[in-house]
Asks: 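Starting off with a structure, shown below.
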Amino acid sequence: MTSLLTVTAAVPALGAVATAAVPAARRTAAKWLALAFSLATLGLAGVQLAQFDPRAAGPFQLTESHAWIKDFGVRYELGVDGIAVVLIALTAVLVPFVILAGWHDADPLETHSKRWRPTQGFFALILMVEAMVVIAFEATDVFLFYIFFEAMLIPMYFLIGGFGDRAGERTEEEAAAQRSYAAVKFLLYNLAGGLIMLAAVVGLYAVTAHQLGTGTFSLQEILQARAAGRLHFATVTERALFLGFFFAFAVKAPLWPVHTWLPNAMTESTAPVAVLITAVVDKVGTFAMLRFCLQLFPEASKWATPVILVLSLISILYGALLAVGQRDIKRLIAYASISHFGFIILGIFAMTTQGQGGATLYMVNHGISTAALMLIAGFLISRRGSRLIADYGGVQKVAPVLAGTFLVAGLATLSLPGLAPFVSEFLVLVGTFSRHPVIGGVATLGIVLAALYVLVLYQRTMTGPVREPVRGMPDLRVRELAVVAPLIALLLFLGVYPKPLTRMIEPAVAHTMAQVDRTDPKPPVQANDVEAAK
């Protein structure tokens with residue numbers, strides 16, 4: 001028994017409290033304090049990676065288990081597998097960059113002196129989101145997971161509604177109204193999914209109480225009871241519970257058609273908060289599909305697979321097509337993310353080792369590439385004061401480092417070979433094609449469309465004659481380079497050497513495949529191969 005997992009989640013939570021308690025006049029001290037706590041969390045995530053042994057027996061390591069609400073079978077139960085540990089590392093890596101990139105995003109507005117933007121609150125909320133995401137990745141008790149799955153919506157709501165994007169020719173009242181709309185839409189969509197999941201969580205408890213004599217929310221106890229033949233779900237019951245869980249995760253992911261909150265939320269947020277949404281919080285949805293949907297309800301997962309594959313395919317093509325037609329830089333990135341989440345969910349429900357391994361790797365690589373692209377876009381927008389693509393042109397001539405890093409991040413988004421997302425997207429497509437060749441073939445159109453929207457975005461903003469408002473644009477500053485350079489380095493490193501991640505992920509994927517009772521399809525044997533073998 002160890003407390004490492006608890007400490008990893010507790011450090012950013014304590015950091016949030018400490019940052020919020022800093023006196024209002026000491027904004028800079030609050031920023032440095034938040035950054036220090038985020039770096040401490042990164043160090044603890046590194047310790048988790050060092051202590052995790054991918055060759056060890058059993059699905060979970062570094063486990064903790066304590067009685068919590070005994071009368072209802074709720075336990076404080078934590079554990080990580082290879083999937084969870086790499087996603088915790090992703091979260092811990094990105095949050096310090098989010099804090100650095102948003103260093104001045106919550107400073108008082110000089111042009112609107114009556115409005116005070118509480119700097120301490122902004123950074124405290126970021127750390128609180130990190131704490132809740134980390135413990136959601138660690139939770140192996142379904143009820144414990146549900147609490148933090150829902151609780152993370154509250155700090156995100158305030159980050160979206162209270163610290164929105166300042167760009168654009170809008171009055172402060174108009175901007176506030178649009179931020180409020182985006183925040184409320186985000187909250188209502190996710191709360192609706194969470195309430196449906198709550199009904200399924202209660203149903204799961206009722207089934208275990210009826211068949212085991214004592215109700216439980218422990219994932220490990222449920223899996224062990226089912227393996228021993230002591231727990232069995234009726235077909236209708238299992239499908240109903242699966243749909244309750246899956247709907248909540250699909251909203252969070254987001255999957256078409258319950259995706260519409262994401263473009264509003266990302267567009268109206270500051271760039272660092274947009275990164276927190278799509279690169280960190282949304283990963284909880286796809287992670288939970290692997291951990292809970294597939295493992296708790298294997299037969300229902302197989303039953304729902306055809307429909308989910310079609311929805312994933314629609315997300316891929318729909319998101320990419322709408323990205324092509326966008327005039328707003330941040331909205332384009334939001335729709336691109338919807339397309340990428342379609343690939344992730346496609347890989348999960350392809351029910352192959354390559355597909356699920358690629359999907360998990362895609363979660364990490366998408367987080368890094370989208371963070372890089374969105375943060376660089378945020379630096380660009382802060383200089384010009386506009387999100388509209390048409391307001392730019394010739395940026396590479398006046399800010400070559402900004403333009404160059406924007407190009408690399410964009411090429412990573414379209415999965416160029418040699419950059420990290422290529423490996424994961426390739427594995428997803430190969431894994432899908434081996435079992436569902438038509439779906440896999442059509443999904444490749446998403447790659448073509450990604451090349452179109454990324455290259456057109458770069459061409460319209462960075463090349464051509466220098467527009468007059470762009471002429472005096474400064475290049476990336478030291479703080480901004482400190483954000484961008486490590487992310488670009490990660491994209492390059494993981495593009496040529498993904499093994500450190502794949503060796504962590506593969507055993508967890510194998511365990512999930514075993515729970516769903518799926519094996520990889522065998523390649524067809526040709527007649528001439530049989531003759532050659534003879």
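Below, all heavy atoms of this structure are taken into account, side chains as well, without hydrogens, waters or symmetry copies. One is the number of the first residue; the rest follow in order along the sequence.
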Asks: Would you confirm whether Q61, through its side chain, and D53, through its main-chain N or O, come within 3.5 Å as a donor-acceptor pair?
Replies: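 Answer holds: yes.
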Asks: Closer than 3.5 angstrom, by distance alone: can the side chain of K330 be matched with the main-chain N or O of S269 as a donor-acceptor pair?
Replies: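 Side chain of K330 to backbone of S269, a donor-acceptor pair under 3.5 Å: yes, one is there.
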Asks: Can you classify the ring geometry of W103 versus W32 as parallel (below 30°), tilted (30 to 60°) or perpendicular (above 60°)?
Replies: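 Because their plane-to-plane angle is over 60°, the rings of W103 and W32 count as perpendicular.
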Asks: Does the gap between the ring centers of Y189 and H259 come in under 6.0 Å?
Replies: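 That pair fails the under 6.0 Å test.
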Asks: Give me the one residue out of E221, E77, R75 that meets side chain to side chain donor-acceptor pair (under 3.5 Å) with T216.
Replies: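 The side chain to side chain donor-acceptor pair (under 3.5 Å) with T216 is passed solely by E221 among E221, E77, R75.
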Asks: Check S337 against T370 and note the closest heavy-atom contact, atom names and distance.
Replies: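 Smallest heavy-atom distance, with atoms named: OG-CG2, 3.8 Å.
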Asks: Taking all atoms of both residues into account, what is the closest heavy-atom pair of L494 and V423, and its distance?
Replies: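 Heavy atoms of L494 and V423 come nearest at O-CG2, 4.4 Å.
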Asks: Any donor-acceptor pair under 3.5 Å linking the side-chain atoms of Q515 with those of R226?
Replies: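 Side chains of R226 and Q515: pair found under 3.5 Å.
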Asks: Is it true that a side-chain atom of S180 and a backbone atom of A177 form a donor plus acceptor pair closer than 3.5 Å?
Replies: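 No: the side chain of S180 does not pair with the backbone of A177.
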Asks: Taking all heavy atoms of E64 and all of L4, pick out the closest pair and write down the distance.
Replies: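 Answer, listing the atom of E64 first, then L4: OE2-N, 3.8 Å.
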Asks: For P54 and P507, work out which heavy atoms get closest and say how close.
Replies: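 Closest approach of P54 to P507, heavy atoms only: O-CG, 3.2 Å.
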Asks: Specify the closest pair of heavy atoms between L255 and S315, including all atoms of both residues, with the distance to one decimal.
Replies: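 Where L255 meets S315 most closely, the heavy atoms are CD1-OG, 3.3 Å.
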Asks: Could you tell me whether a side-chain N or O of Q295 sits under 3.5 Å from a main-chain N or O of T512, the two making a donor and an acceptor?
Replies: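 Flag not set: sc Q295 to bb T512 has no pair under 3.5 Å.
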Asks: Please tell me whether W68 and Y76 form a close aromatic pair, meaning their ring centres lie under 6.0 Å apart.
Replies: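 That pair fails the under 6.0 Å test.
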Asks: Can you say whether the rings of F246 and F242 are parallel (under 30°), tilted (30 to 60°) or perpendicular (over 60°)?
Replies: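 If you compare the ring of F246 with that of F242, the planes turn out parallel.
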Asks: At their closest point, which heavy atom of T119 faces which heavy atom of R27, and how far apart are they?
Replies: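 Shortest heavy-atom contact: OG1-CD, 3.0 Å.
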Asks: Should the ring pair F249 and F245 be called parallel, tilted or perpendicular, given that the plane angle runs from 0 to 90° and is split at 30 and 60?
Replies: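 Perpendicular.
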Asks: Is Q354 reaching over with its side chain to a backbone N or O of L427, donor-acceptor style, under 3.5 angstrom?
Replies: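 Checking the backbone N and O of L427 against the side chain of Q354, no donor-acceptor pair under 3.5 Å is found.
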Asks: Out of the candidates T502, T360, N365, only one should pair with S424 under the side chain to side chain donor-acceptor pair (under 3.5 Å) rule; please name it.
Replies: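 The residue from T502, T360, N365 that satisfies side chain to side chain donor-acceptor pair (under 3.5 Å) with S424 turns out to be N365.
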Asks: Enumerate, atom names and distances included, each donor-acceptor pair closer than 3.5 Å involving a side-chain atom of residues 132-139, sequence neighbours excluded.
Replies:
from	atom 1	to	atom 2	distance (Å)
E138	OE2	Q48	NE2	3.3

